[in-house]
Structures are given as C-alpha cells and as structure tokens.
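Reminder, nothing fancy here: chain letters follow the sequence lines and each chain counts from 1.
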Amino acid sequence: MTKTRYKSTETKRNPNINYDKLIFYNKFQRIQPKESVTTPVLKPFWITTIEPKQSSQVMSLVKGEFNYTSETLKHLKRFQKLKDETTNKVVLQVVICAFEDISYTDLRKKLTETLNVDLNDVVLDKLEIPMNKPLDKEVNVEWSNKYWPLVWKGNPMVQELHESFKQFDNEENMKFIKYIIQKSREIQTISSTSKQQEQQQQQQSAGLQSHKTTFPIVTAFIDPKTKTIASIHTDSRTKLDPTAHSTMKCIAEIAEKELSRRQQSGPAGDDPATNNYLCLNYHVYTTHEPCTMCAMAMLHSRISKLVYVRESKLTGGIGEESGAGYMIHLSCQLNWKFESFRYLADNDEDNVDEVDMYIDV
Amino acid sequence: MVQDVSKHYHYMQEAVNVAESALKEREVPVACIYVHPTHGIIARAFNQTNVTLNGTRHAEFEAFRQIREKFQENWQDILIETDLYVTVEPCIMCASLLRQIGIKRVFFGCANERFGGNGSVINVNRDYPRFTKDYDKERISKGYCVYPGFLAKDAIMLLRRFYLLENEKSPTTIGKKQRKLEENEFPKLNYSEYLSVGEFVDMFGYEFEHVYNNNDFLQFDQDGQLLNEHPTGDSKRPKKAE
Ligand SMILES: [Zn+2]
Ligand SMILES: [Zn+2]
C-alpha cells in the first residue's frame, strides 16, 4: 500500500494546503483515510469486438440484459476504439459483464442473436479491469492505457480537502490550541510540585496511598455563535469516578448551563427556535487524542470540529492508526460526522506532556 | 455446559419493564439493569438524554453511577462479576465505557444499527490496537462477550411507540407508512456480527445452532425456555455429548 499523493494536475492549488500529507498551514493535519490509489483491484470481464455500425445493437443488449452492471462500471468507459492491425479498419471493444456472470457459450449465443451474425464471427475475450478508482489523474491515464479507459472527473478527495479548508479558521485554531497547551503546562508544573510533596509525605507515612491522579489533559468546547469558550475542563478521574474525562465534563457542563438557562428564563426561554441543541457545531480543542468513549460522546453531542495535540496510539479513537483504527468522527457518517485535525507541534515548548499510553484519555 | 437461558430472559424482561417506565416520562425507552451473582439487581436506569439535555446520559452511564454510589471504591470488584442487560445494543460510547470499567458480559435486545458498538458499527468489546504492536496486552482493558436478541421485538416496539408519541405532538408526520411498519416487520439480527457460533452454542446449546446460522429470532415460552424448532422439524434430536 502506498500513501495517497495529490501531486496531480488539479487546476486550482492552494499554497496553504499540503496535499500530500493533508496538512493546512503547516500545522494542522486533517485526519482522513489515506486510501491506496496505486494498486488496481482487478476483476475479469467479458469484452466483445464489433464494427462501429453494430454499436447500437450491442448497447440494446447491454441496456436490456446487463443493465445491472452500469452502477459498478460507472468509472469506466463502455466502449474503446481500436485499429485492426491487419485490415487497418476501426473497431470497437465493448465491456459486457463480469466473467463470472455468464458462460462463454451462453454469451456467444446471445451476441449471435443480437448482432445477427454467424457464431464464428463473434469475438469474445476475457480482460482484467480495475474496479477501484484512482484519486490521481496520472494514475488514471496509466491504468487507462494499461487496462481499460477510465473516466476522470477530478479528484474527489481534493475537492473534499478544499471544502474542509474553506471552513478552517486558522486564527481561531491557533488561538485556542495555544491556550489549552498553556493550561496543560500549568497543570504539569502544579502536579510535579505536588508529586514532590506527596513523595515526602509517603516517606513520612509509608503505605498511605493516594488515589488522586493528575493528568495534564485539557479540553475546551467553543461555542460557534460567540467564538468563546463555553466550557473548559481538565481530567479529574479518581478511583471513585473513572468517567471524569475532560470531554465528558465539558459536555455535562454545557448541558447543565442550558438547562438552568431554560429554567430561569421561564416559558419564554424555552423556545425551540432559540434553544441550544446539545453541542451542535461546537469546536473542540483538546491536548490529547480522546478515547473511543469520549470521541463518540462528541459525535452524540453533534460537534463539527475536533483539534488535538498529542496522539494516543493505543487508546485513541480518532487517528487512522490509533487504537483499532476506528476514526470515530467518520464511523457513523449516515447520522453525523465531524472534522478532525492533529496539531503538529514544532518543539517541546509548543507541546504537551505525554500521558501513560495505556490510559483512555 | 449450557447456560440457564431462562434466567437471562427474566432479567431482560425486567430491563424492558424499566424501559416501559421511560415512555411515561417522555424519555427514549432504552433501559438497562446490572446484575451481580450474589447481590442480584444492583442498578436499573433508563436514558436521561431528553430531561438533562445531555446526549451522553445513556442508561448504561446512569446505572453505573448508582453502582458507584452504592459500593463506593469497591465498585470495581463488583463489576468484574456483573452482567449487563440492556434493551438496545450499547452505542460505541457505552460499549467503550463498559470495557473501561470491566463489565463481565452484556445481554441485549435489538441491534443499534446507527451507533452500535458491539458489532453493528464496530466491535469495541473485542478489538485490540491494530497498528502499535509493541505493547503489553495485559494492560489493555479486557474485552467482553455480548449476547444479542433477548426480547428484541419488545425492545423495537418500545422505540416505535416512543416515536409515534413524539410524532403525534408534531402533526406533520402521521404517516400510514409508519403505522404499516409497526405490524410485523422486524429487522433480522445477523448474529455473526456480534458473537461467534462457539459463543452462541455455549450459551444456548448445540441444538440451537440453526438459530445462529439462519439468523432467526430467539423465541421463548413463558418460562423463558428457548422454543425455536429446527427448520427440518427434528427439533427434538438428541443433544450432542458435552
Ligand atoms: Zn475519554
Ligand atoms: Zn450509549
């Protein structure tokens, strides 16, 4: 498998997008599947060779009996023009159907009837054709020459990247990501001093165990309407409450605020037209890639964008190569999906501390 | 040894009863109970998403909170022996929670086609990291087995009744189509998405392997005994030696 390369001949190139690595402004990597485009998935098909004047007869056969193939073959051209070497006449090759769909004898018989020719005049070949669609125009040309002419309508992934870039406010992203990194670094300093104190205490009374854990994890939910922080929390899980992940706490706070707003403002305040619905279209900034539970909590809450700093290779639910590779933000696409980016830190000052790789962030 | 299936049937019946009470409070009728071998039913809850305006307050979370209040810091020792009975397949979020907190087994009614985390969309209960090879498997939360299909039709009917009630309030969408759907159409479970045939026969017995292979609904009598007859009619063929 080779990673996607978008070096192709797309007309409008945006200088702030790295098409190869899916990075905006050199800092934010969009998390999306990197599909293979250089290896064709080949499947055998029946190909017949005809004279140009027979094309309408063949098409009526294709449209009649083999109409079901139109969906699976829509990335292909149905006909291919060739020059017969010996007679120097133009001939047409036509894809009929998958090799496994019909036997040689049966198809030859059908073509004899359709074209109204002698059985021996029917030319029928088996040909391997790519079933997947290249994302790159150069590969498209290469496969078209090698296997069968493919249709090219522009790279669908490049179009998606441009669409995503349009929604991407770099200033907002930088502002909030810097803010949570700073907050995380403050926790680190606090926890390292309190750890020293703890160690001293433990030396004094050996065996006394503290369940308190402090991870330098910070999450902020941004209200899209005001572009301000609606809720910001750190991780505060304890042995008594293992669910106090920073994301879950933000979601809970936003719900509580909305509930009390509706209660306080009376019947007039509970208006479907102005009520806030969950965390609809919120932007979430977090220091560590969220676990599967939290990533799905974001999806349930209908956020529109997530940006995280450090990957959680074992327990993360977003990255293509994190955990079991769920990419939760794209896993329930028929119902909701959200954009996800990883912030690429320049150096340690621009980064947050690692946490134990086994914890669910 | 084949499990006592009727016990699971009765506990699911209890979960369905809890879901029934959710309907009265205009909550989405998805409910669960946690059952411990000696303490019995240790928690019961239904969805609280509407009343709290919080889309994550699913039944599994609500009941887990009760367990922590009850057993304090010992909840972990309790949960390791505890089974969950929930009317609808846990969503991805809850499936992940249940793994993080170390549930023993999960029994559910109908599939959660849109968000299911025990097989319908992904298998949070049994997957392991795929790309990082160098890790200690012992330190990753242990997976759990799931058993789908207990009272699946009851669970679906509750949801349909809820959406009918909601639609009656907004007079735009009282369609004949929806009424028609109510009668006798239930989507089949594809068992292999959720558990292996081995896990299935360990639970229900070899004589019911055909239920798994044909994706039939589990049919119970009033005592919670499985009734499904073999399609060839020889449902009373002798059990294989165990
Ligand atoms: Zn989490
Ligand atoms: Zn859930």
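- For a residue to count as touching a neighbouring chain, one of its non-hydrogen atoms must lie under 4.5 Å from one of that chain's; by this rule B:F61 touches chain A with the side chain only.
- The existence of a salt bridge linking A:K257 and A:E253 is confirmed by a sub-4.0 Å separation between a basic side-chain nitrogen and an acidic carboxylate oxygen.
- For a residue to count as touching a neighbouring chain, one of its non-hydrogen atoms must lie under 4.5 Å from one of that chain's; by this rule A:I254 does not touch chain B.
- Annotation: side chain of A:V284 is not in contact with side chain of A:V307 (no heavy-atom distance under 4.5 Å).
- Contact of B:S141 with chain A is made through the side chain alone, with heavy-atom distances under 4.5 Å.
- Both the backbone and the side chain of A:L314 come within less than 4.5 Å of a heavy atom in chain B.
- Using a 4.5 Å cut-off between heavy atoms, B:N123 contacts chain A through its backbone alone, with no side-chain atom that close.
- The neighbour count for B:E138 CD, taken as heavy atoms of other residues, nucleotides or ligands under 6.0 Å away, does not exceed 12.
- Using a cut-off of 4.0 Å between Lys/Arg side-chain N and Asp/Glu carboxylate O, B:E185 and B:K153 are scored as not salt-bridged.
- Options B:T49, B:V121, B:I122 differ in how many heavy-atom pairs under 4.5 Å they form with chain A, and the most are formed by B:I122.
- Looking at B:I101, only its side chain comes within 4.5 Å of chain A, counting heavy atoms on both sides.
- If you measure heavy-atom distances from A:T292 to chain B, the contacts under 4.5 Å come from both the backbone and the side chain.
- Distance CD1/B:I78 to CZ/B:R68: 14.5 Å, rounded to 0.5 Å.
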Q) Does the pair A:K305 and A:S340 meet the rule for a side-chain hydrogen bond (donor to acceptor under 3.5 Å, both in side chains), with working shown? A) CA-CA 6 Å; A:K305 183 178 73 181; A:S340 285; over 6 Å; no
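- Under the 3.5 Å distance criterion, with hydrogens and angles disregarded, no donor-acceptor pair is assigned to the side chains of B:E113 and B:S120.
- Looking at B:T56, only its side chain comes within 4.5 Å of chain A, counting heavy atoms on both sides.
- When ring centroids are compared, A:H288 and A:F215 stay outside the 6.0 Å threshold.
- Applying the 6.0 Å contact sphere to CD of A:E354 captures no more than 12 heavy atoms from other residues, nucleotides or ligands.
- In this structure, chain A has heavy atoms under 4.5 Å from both the backbone and the side chain of B:V124.
- With a 4.5 angstrom heavy-atom cutoff, B:Q76 touches chain A only via side-chain atoms.
- In terms of non-hydrogen atom pairs under 4.5 Å with chain B, the most contact-rich of A:D241, A:I359, A:N275, A:T243 is A:D241.
- A salt bridge between A:E289 and A:R310 is absent, with no side-chain N of the basic residue lying under 4.0 Å from a carboxylate O of the acidic one.
- The contact between A:C291 and chain B is made entirely by side chain atoms (from C-beta outward), counting heavy-atom distances below 4.5 Å.
- In this structure, chain A has heavy atoms under 4.5 Å from both the backbone and the side chain of B:Y135.
- With a 4.5 Å cut-off on non-hydrogen atoms, B:C91 touches chain A through its side chain but not through its backbone.
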